Amino acid sequence: MTDPAIALVTGAGRGLGRATARALAQRGYRVVVAARDEEVAGAVAAEIEAEGGTARPLALDVADVECIRAARDTLLDEITEAWPESAIEVLVNNAGIGLFGPLADIAPADFDETFAVNVRGPLFVIQAFAPHLSAGARIVNVSSSLSRHVSPATSVYAASKAAIEALGRSLAIELGQRGIRINSIAPGPTATDFNGGAMRDNAELRHGLGQQTALGRVGEPDEIAHAVAALVSGDMRWVTGERIEVSGGVLL
Ligand SMILES: NC(=O)c1ccc[n+]([C@@H]2O[C@H](COP(=O)([O-])OP(=O)(O)OC[C@H]3O[C@@H](n4cnc5c(N)ncnc54)[C@H](OP(=O)(O)O)[C@@H]3O)[C@@H](O)[C@H]2O)c1
């Protein structure tokens, strides 16, 4: 790790992305808080700074490839100015959306939107930033335990997460030539706004999903965030092209 290194987290305005941005800042990274809404990104960056970390906001809609490229250019200009001694060493593709519904209810537009955010987004974020990552950088794509096990009415979402895992495995070969590691973290049910906040707010669902895990409960955002932080640390330097589930042992 260069001192201090830069970590960029997408979808960092709330949920797992916000927790991951804070966890990386706690480990000494200068964090780029990327979110669709610049004000939201700014609020999380301010929160990190108030906690003693270093952060800056970046407006980034991963569903819009032109926006990705423009955000990349903006960021490179900004960090050349503000953090000239730092390299981008960590990229976390966390932004994602859920589409949950049975086969008969799936509309083409919903399918397209899910894949635009969950698959096309991370791919073009990686393409845009790869030339600017340091040798030995780490990329983490946030997948889902649902790429391994089946829940009712999750087909499109599960397929999008399986796709990002497959992309990661292929890109591990290409990017490994520069020592860049790329892995997927696959969370199980975790208490965030996701799926309307159901895993956080619906006690009955929390209990039911908790019963499906070896550890008996749903996860908390910090538990995913610290796993991401561990995965990008030097302790995991020989791990690439992998999918690591962080789920308390859901549906083993
Ligand atoms: N929570 C779970 O149980 C769970 C389980 C497995 C996997 N995951 C995955 O974990 C990741 C984070 O989810 P979460 O639980 O933190 O859910 P969340 O609270 O709903 O947060 C989703 C994040 O993704 C961002 N996002 C959505 N579309 C975007 C776009 N086009 N461009 C940029 N950002 C966008 C959202 O930004 P806005 O605030 O602008 O909407 C938000 O920051 C997702 O990839 C999700 O699939 C979650």
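Atoms within each ligand, like the ligands themselves, are counted from 1 in listed order. Side chains included, hydrogens not; waters and symmetry mates left out as well; all remaining heavy atoms used. Since the model is a prediction, treat every value here as computed from it, not as a measurement.
- In this structure, the side chains of Arg69 and Gln127 come closer than 4.5 Å at one or more pairs of heavy atoms.
- At a 4.0 Å heavy-atom cut-off, ligand 1 touches Asn94 through backbone and side chain alike.
- Between Pro122 and the options Ile164, Val92, Leu171, a side-chain contact (heavy atoms from CB on, under 4.5 Å) holds for only Ile164.
- Residue Leu60 has at least one heavy-atom neighbour below 4.0 Å for each of these atoms of ligand 1: 32 (N), 33 (C).
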Evaluation steps, salt bridge (Lys or Arg N to Asp or Glu O under 4.0 Å), between Arg14 and Asp193 = CA-CA 8 Å; Arg14 57 192 168 117; Asp193 291 342; 3.0 Å; yes
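- Between Pro221 and Gly15, the shortest heavy-atom distance links the atoms CB-O, 4.3 Å.
- Cation-pi check for Arg181 over Trp238 is not met; the charged atom does not lie both under 6.0 angstrom from the ring centroid and within 45 degrees of its normal.
- The shell of residues lying under 4.0 angstrom from ligand 1, judged by heavy atoms, excludes Pro221.
- Atom numbering of ligand 1 starts at 1 in the shown order; those under 4.0 Å from a heavy atom of Ile97 are 27 (C), 28 (N).
- The protein heavy-atom contact nearest to atom 26 (N) of ligand 1 is Ala95 CB, 3.9 Å.
- A heavy-atom distance below 4.5 Å is found between the side chains of Thr240 and Ile182.
- In terms of protein heavy-atom proximity, atom 36 (C) of ligand 1 is nearest to Arg14 NH2, 3.9 Å.
- Around atom 6 (C) of ligand 1, the closest heavy atom drawn from Ala19, Ala41, Pro187 belongs to Pro187.
- For the pair Thr190/Val218, no side-chain contact is recorded, criterion being any heavy-atom separation below 4.5 Å from C-beta on.
- Under a 4.0 Å heavy-atom criterion, Ser143 is in contact with ligand 1.
- Of all protein heavy atoms, the one closest to atom 47 (O) of ligand 1 is Tyr157 OH, 2.6 Å.
- Of all protein heavy atoms, the one closest to atom 41 (O) of ligand 1 is Arg36 NH2, 2.6 Å.
- Contact annotation: Pro189 has at least one heavy atom less than 4.0 Å from an atom of ligand 1.
- When heavy-atom distances to ligand 1 are checked against a 4.0 Å cut-off, Asp61 comes that close through both its backbone and its side chain.
- Atom 1 (N) of ligand 1 has its nearest heavy-atom neighbour, among Val250, Val246, Thr190, in Thr190.
- Among the atoms of Thr192, some N or O lies under 3.5 angstrom from an N or O of ligand 1.
- Arg243 is listed as a side-chain neighbour of Ser147, based on a closest heavy-atom distance under 4.5 Å.
- A 4.5 Å side-chain heavy-atom check between Leu76 and Thr74 finds every atom pair outside the cut-off.
- The minimum heavy-atom distance linking Gly248 with Thr213 is given by the pair O-CB, 3.6 Å.
- Neither side chain, Thr54 nor Arg30, offers a donor N or O lying under 3.5 Å from an acceptor on the other.
- Proximity of Val117 to ligand 1 is established by a heavy-atom distance of less than 4.0 Å.
- Protein heavy atom in closest approach to atom 13 (O) of ligand 1: Phe194 CD1, 4.0 Å.
- Of the N and O atoms on the side chains of Ser143 and Glu165, at least one donor lies less than 3.5 Å from an acceptor on the other residue.
- Inclusion of Ser144 in the set of residues having an N or O under 3.5 Å from an N or O of ligand 1 is not warranted.
- Against a heavy-atom cut-off of under 4.0 Å, Ala63 is close to the following atoms of ligand 1: 31 (N).
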Taking it one step at a time, do Tyr157 and Phe194 satisfy ring pair (Phe, Tyr, Trp, His ring centres under 6.0 Å)?
-> CA-CA 12 Å; Tyr157 178 72; Phe194 199 71; 5.5 Å; yes
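- Heavy-atom contacts of Gly15 reach the following atoms of ligand 1: 16 (O), 19 (O) (cutoff under 4.0 Å).
- Contact annotation: Arg18 has no heavy atom less than 4.0 Å from any atom of ligand 1.
- Proximity annotation for atom 4 (C) of ligand 1: of Ala34, Gly17, Gly188, Gly188 comes nearest, heavy atoms only.
- By the criterion of a heavy-atom distance under 4.0 Å, neither the backbone nor the side chain of Ala116 is placed next to ligand 1.
- Taking the six-membered ring wherever Trp is involved, the centroid distance between the rings of Phe129 and Phe124 does not fall below 6.0 Å.
- In terms of N/O distances under 3.5 Å, ligand 1 is approached by Gly11.
- In this structure, the protein non-hydrogen atom closest to atom 24 (O) of ligand 1 is Gly96 N, 3.3 Å.
- Here the protein heavy atom with the shortest distance to atom 32 (N) of ligand 1 is Val62 N, 2.9 Å.
- Considering only non-hydrogen protein atoms, atom 16 (O) of ligand 1 sits nearest to Leu16 N, 2.8 Å.
- Short contacts between ligand 1 and Met199, defined as distances under 4.0 Å to a heavy atom of the residue, involve ligand atoms 2 (C), 3 (O).
- Arg178 and Ser134 share no side-chain donor-acceptor pair at under 3.5 Å.
- Shown here for Val62 and Ile68, the closest heavy-atom pair between the two residues is O-CD1, 3.4 Å.
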